[in-house]
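Reckoned from all heavy atoms, side chains included, excluding hydrogens, waters and symmetry mates. Chain identifiers are assigned alphabetically (A, B, ...) following the order of the sequence lines, protein sequences preceding nucleic acid strands; residue numbering begins at 1 within each chain. What you see is a predicted model, and the numbers here were worked out from it, not measured in a lab.
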Amino acid sequence: MTVRVRFAPSPTGYLHIGGARTAIYNYLYAKATGGKFILRVEDTDLERSKREYELKQIEDLKWLGIDYDEGPDKPGDFGPYRQSERTEIYLKHAQALVEKGLAYYDFCTDEELEAMKERAQKESRPPHYDGKWRNEQFWEEAQQKLAAGEKAAIRFKVPQKSYVLNDGVRGRVVFPEKMVGDFVLIRSSGLPVYNFCCVVDDVLMKISHVIRGEDHLTNTLRQLMIYEALGANAPEMVHVSLLIGKDRQKLSKRHGATSVTLYQEETYLPQALANYLCLLGWSHPEEKDIFTLEELISVFDLNRFSKSPAIYDMEKLKWVNGQHLRKLSNEELVAQMQTQIPEEHWYHQQTQEWKLNCMELFKEQIELYADILPHLESLKSSEIVKSEKLNDVLSWESTSQIASFLKTELSTLKEEYVTAEIVSGWMDKAKKDLGIKGKNLFMGMRVCLTGVDHGPDLKQLLPLTSIDVLRERVSQLG
RNA sequence: GCUCCCAUCGUCUAGCCCGGCCUAGGACAUCGCCUUUUCACGGCGGUAACAGGGGUUCAAAUCCCCUUGGGAGUGCCA
């Protein structure tokens, strides 16, 4: 059997990191098995669905490195791939179920349903539908009302029996009888409801494996019933554990960034986000924690999911990002920085060589592209960053000597930038002429020329700062 | 309330299905040391967990039951 999996987002907002994670798992499984990955847009909630969200989610998916074989903009043999364009199909199947006596028309108003629920609550019964239309004796009346043009929802007549699900990660799950009441298949507006569309589509699109979040586990009961009513076999179900926040609550905006877009904006690497997301609830057979999706394809399998929910930890994501960042060459880093960093912060007027040197120097210190900003800023700043250590260095007799020495040296230079050789020359000369060495020399130089008590090697750092700025820094100390 | 799911370091997890190789391994974070005359990177090491209680067994993190805790669902949302 060829594997066909799908990711079925609702275009009611931006792509959520939880959604991105299940999309990745589906994508990987398709790739690992040589199957097909389908993108299906579940936009049956007309009120909240927006085309712009659909487009944005697709863009974000692609940004993460996920591509699909069939989808709204990639016609396949099982389209259309947008549920709003399949209304007729759902209607046809729902009517067929009514004809078979497996579903029925329901004319209850919202008020009646509300009253029904309240009554059930008062009598501490489960709030299941128990309206008259469930009863076969009214079905003729229903047909008449329908013929008269009255609006009705189509409700599924839930069989009185228990269902068993063999889930790929949960194992055997038994849903007892009477767990759910008759639920709606088609709204009175004529539009279908999620659980129904989902099953009809999964059957029609020949989906072999459903990999989705555990929040759908209880939905599965309803879906199992629909598969049965439709005379179809249910696909393999794989319910992946959920992502939660530090407070163990469902991941929401107050836990920080929850949409993929935000990570783009914060200059995360797509491969790092994808990498980290895989690590939550799934483990690499060799316990590797840094990999690309490409590398994962050959080892990905459905048996390595963990059952418990995972807390989303931004700290580790950052670390993963840093690991991926360090794998990039200086050339790639420069190219990326051009697009990731606002032009006014980036030294776009600098030579390529300067930029490459800059990357070489700072890439070990950053985890995100945006982390380069303060470093870039420090290159042109003549501000003295006060600290206890810095004051100590400034109090040394040797430091004032170095300051005036540097002042003279700098005044003789015509170039715009110093070189590593010039800096070396200063070191040697200061050692010989002033008799300063060791910590006094190095720290004195550093403080005078950078205004900071720590930082990267001076021979690499100083050539990135213009001599004018160096002069300014030194003069402030003199 | 009812139903379903889950439970190993602070966090992500390995081990669990097929009990003994577990004195419970790795990673993030944290702490210390080394490296770097500074910082960062890197290297080495430390602190740190089988939720609790009962079984079963020669032997339980692993199998069973209960308790507790957490999550999800209970929509004419998806």
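In this structure, A:W426 has its ring center no closer than 6.0 Å to that of A:F405. Aromatic ring centres of A:H216 and A:Y194: separated by under 6.0 Å.
Residue contacts shown for A:Q249 are limited to sugar-phosphate atoms, with no base heavy atom under 4.0 Å away. Among the heavy atoms of the strands lying under 4.0 Å from A:A153 is at least one base atom, whether or not backbone atoms are also near. Counting any heavy atom pair closer than 4.0 Å across all strands shown, A:L191 reaches no nucleic acid atom. Residue contacts shown for A:K307 are limited to sugar-phosphate atoms, with no base heavy atom under 4.0 Å away. Nucleic acid contact for A:K250: sugar-phosphate only, since backbone atoms but no base atoms lie under 4.0 Å from a heavy atom of the residue. Residue contacts shown for A:S188 include a base, since a base heavy atom lies under 4.0 Å away. Looking at heavy-atom distances under 4.0 Å, A:V180 makes no contact with the nucleic acid at all. Residue contacts for A:G281: at a heavy-atom cut-off of 4.0 Å it reaches the sugar-phosphate backbone alone, with no base atom in range. Within the nucleic acid shown, A:R304 comes within 4.0 Å of sugar-phosphate atoms alone, with no base atom in reach, counting heavy atoms only. Using a 4.0 Å heavy-atom distance criterion, A:E287 is classed as a base contact. As judged by a 4.0 angstrom heavy-atom cut-off over every strand, A:R48 is placed among the base-contacting residues. Residue A:K389 is classed as a sugar-phosphate contact, given heavy-atom separations below 4.0 Å to backbone atoms only. Residue contacts shown for A:D457 include a base, since a base heavy atom lies under 4.0 Å away. A:C108 comes within contact range of at least one nucleobase, with a heavy-atom separation under 4.0 Å.
As the counterpart of B:U37, no nucleotide is assigned, since no Watson-Crick or G-U wobble pattern has both distances under 3.5 Å. Across all strands shown, B:C50 forms no Watson-Crick or G-U wobble pair with both key distances under 3.5 Å. Base-pair partner of B:U3: B:A72 (Watson-Crick or G-U wobble, both distances under 3.5 Å). B:G32 is paired with B:C44 under the criterion used here, namely a Watson-Crick or G-U wobble arrangement in which both key atom distances are under 3.5 Å. As the counterpart of B:C22, no nucleotide is assigned, since no Watson-Crick or G-U wobble pattern has both distances under 3.5 Å. When Watson-Crick and G-U wobble pairs are counted only if both distances are under 3.5 Å, B:A60 pairs with no nucleotide at all.
Each of A:H216 and A:P126 has a nearest nucleotide on RNA chain B; the 5'-most of these lies closest to A:P126. Along RNA chain B, the nucleotide closest to A:D247 and the one closest to A:R446 are compared, and the more 5′ of them pairs with A:R446.
Separation of the C1' atoms belonging to B:C63 and B:U56 is 8 Å when rounded to the nearest angstrom. One C1' atom belongs to B:C28, the other to B:G69, and the distance between them is 25 Å to the nearest Å. Atom C1' of B:C64 sits at a distance of 14 Å from the matching atom of B:C16, rounded to the whole Å. Between B:A49 and B:G10, the distance separating the two C1' atoms is 10 Å to the nearest Å. Using atom C1' as the reference point in both B:C6 and B:U13, the two lie 15 Å apart (nearest Å). For B:A61 and B:C5, the P atoms lie 25 Å apart once the distance is rounded to whole Å. With C1' as the reference atom, B:U30 and B:A48 are 10 Å apart, rounded to whole Å. For B:A51 and B:A60, the P atoms lie 15 Å apart once the distance is rounded to whole Å.
Here the options are A:E228, A:R222, A:Q223, the test is side chain to side chain donor-acceptor pair (under 3.5 Å), and the partner is A:Y163; only A:E228 passes.
A:T267 places a side-chain N or O within 3.5 Å of a backbone atom of A:A370 that can act as its donor or acceptor partner.
Bracketed by its first and final contacts, the part of RNA chain B lying under 4.0 Å from non-hydrogen atoms of chain A reaches from B:U3 to B:A78 in 5' to 3' order.
We find that A:E295 and A:K288 are not joined by a salt bridge, their nearest charged nitrogen and carboxylate oxygen being 4.0 Å or further apart.
With sequence neighbours excluded, the residues that form a side-chain contact (heavy atoms from CB on, under 4.5 Å) with A:T87 are A:L191, A:P192. Residues passing the ring-ring contact (aromatic ring centres under 6.0 Å, His included) test with A:Y227, sequence neighbours excluded: none.
Between A:Y276 and A:Y312, the ring planes lie perpendicular to each other; the angle is over 60°, past the 30° to 60° tilted range.
The closest side-chain donor-acceptor pair between A:D201 and A:Y90 falls under 3.5 angstrom.
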